[in-house]
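Have a look at the structure below, then the notes.
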Amino acid sequence: MRNWLIATTAVAFLIGCGPGDTRKVEPAVVHAPEPVQVMRDTFASCTWGEVKGAVASIWSYACGPGYGNVHLAADDALPGFVIESTDPAAPGRRIALRLFDKPAEAPIESILTAVRAASPGAGTAACVLAPRVAEEGMPPSYVFTPEGAAKVAYDAALAGDEIPEPPCGDLGVSHVGDRSFRVIAQDKVAFIDFGSEIQIFDASTLKLNAAAHAPAPDAH
């Protein structure tokens, strides 16, 4: 009887693993996101690909000499991503996207101290994260901007003959370009510098790695 049970079980196992077994799980096919048409037109000679960092990944173009030798690179010290140029005429790098941690369920204002520390400016101490009017279909966003008397002074300077320095530092409002903060997860906020022209990266493809939400190891 025991041998019959073993044989029956073996046959059942082989049948279950046959080509007709609908329980088999096939690996998911991951399709690369397509850039929008305006990006394809602008960066027609550039290469589209995924840029991966320790905390997140994002899709961007990498461009050759005809487009300034620019590409997006992960900077895990931020953490985030920077746009780098190796063009001899204008080499350099600037922050394109930076991630800030916040306590889960806490409001975005909870990162204000960290933002002020990361963005020194003449009026940073008086700058706050203020909500902006959301565009249709877009998530809520915030700007790092002066308030009260500091805002009045900055607005007056903008109306003058000279271009004022950004009062809240590199992550704050400026006379040119578009910089904003967005809550992208319960515990993550992204600063994104959209610049004043079409950027090589697509912010909508930003994806946090699974490890970004992993709890810290127990010291005990």
Side-chain angles (χ1 to χ4, degrees), residues 27-102 111 114-115 118-120 132 134-135 137-144 166 168-185 187-214:
V29 178
V30 179
H31 296 283
E34 290 291 334
V36 295
Q37 188 63 50
V38 66
M39 294 184 73
R40 293 199 294 268
D41 294 341
T42 304
F43 306 110
S45 299
C46 303
T47 302
W48 178 247
E50 187 177 22
V51 181
K52 297 180 178 180
V55 178
S57 65
I58 193 171
W59 285 74
S60 176
Y61 279 103
C63 303
Y67 286 80
N69 282 317
V70 297
H71 66 277
L72 195 74
D75 186 338
D76 294 330
L78 289 174
F81 299 89
V82 296
I83 293 179
E84 296 181 335
S85 172
T86 57
D87 189 337
R93 72 200 304 262
R94 69 173 177 84
I95 296 175
L97 191 150
R98 179 169 182 164
L99 296 169
F100 289 87
D101 292 324
K102 80 174 186 67
I111 70 167
V115 174
S119 187
R132 65 193 303 182
E135 299 178 17
M138 299 295 290
S141 62
Y142 302 78
V143 290
F144 190 44
C168 305
D170 291 340
L171 306 187
V173 293
S174 174
H175 69 284
V176 63
D178 180 15
R179 305 166 180 171
S180 64
F181 291 77
R182 295 178 182 177
V183 178
I184 59 171
D187 58 351
K188 289 288 186 294
V189 177
F191 160 78
I192 307 171
D193 188 346
F194 291 100
S196 57
E197 301 176 347
I198 302 299
Q199 297 298 300
I200 60 174
F201 62 92
D202 184 350
S204 70
T205 66
L206 178 65
K207 181 180 179 182
L208 293 173
N209 300 336
H213 299 296

Considering non-hydrogen atoms only, spot the tightest contact between [X] and [Y] and give its length.
X      : Y      : value
Val51  : Ala74  : CG1-N, 3.9 Å
Leu206 : Phe81  : CD1-CE1, 4.2 Å
Leu72  : Ile58  : CD2-CG2, 3.4 Å
Cys168 : Phe144 : O-CE2, 3.3 Å
Arg182 : Pro140 : CG-O, 3.8 Å
Phe181 : Leu171 : CE1-O, 3.6 Å

Contacts of Glu197 meeting side chain to side chain contact (heavy atoms under 4.5 Å, CB included) (sequence neighbours excluded), chain-then-number -> none
Given 3.5 Å as the limit, does a donor-acceptor pair link the side chain of [X] with the main chain of [Y], or not?
X      : Y      : answer
Ser85  : Gly68  : yes
Arg40  : Pro35  : yes
Trp59  : Glu34  : no
Asp76  : Ala54  : yes
Arg179 : Gly172 : yes
Ser119 : Asp170 : yes
Asn209 : Gly53  : yes

Between [Y] and [X], is there a side-chain heavy-atom distance shorter than 4.5 Å?
X      : Y      : value
Ile184 : Leu99  : yes
Phe191 : Ile95  : yes
Lys102 : Val183 : yes

Start with the C-alpha gap between Lys188 and Asp101, add the side-chain angles, then the distance that decides, and say whether side-chain contact (heavy atoms from CB on, under 4.5 Å) holds. CA-CA 5 Å; Lys188 289 288 186 294; Asp101 292 324; 3.0 Å; yes
[atom1]-[atom2] distance between [X] and [Y], expressed to the nearest 0.5 angstrom:
X      : Y     : atom1 : atom2 : answer
Leu97  : Ile83 : CG    : CD1   : 10.0 Å
Trp48  : Ser60 : CH2   : OG    : 6.5 Å
Asp193 : Arg98 : CG    : CZ    : 13.0 Å

> Going by atom types only, do Asp202 and Ser204 share a side-chain donor-acceptor pair under 3.5 Å?
Replying inline: yes
Checklist entry - Step by step, would you call Ile192 with Gln199 a side-chain contact (heavy atoms from CB on, under 4.5 Å)? => result CA-CA 11 Å; Ile192 307 171; Gln199 297 298 300; over 6 Å; no
When Val70, Ile200, Thr42 are each screened for side chain to side chain contact (heavy atoms under 4.5 Å, CB included) with Tyr61, the one that passes is Ile200
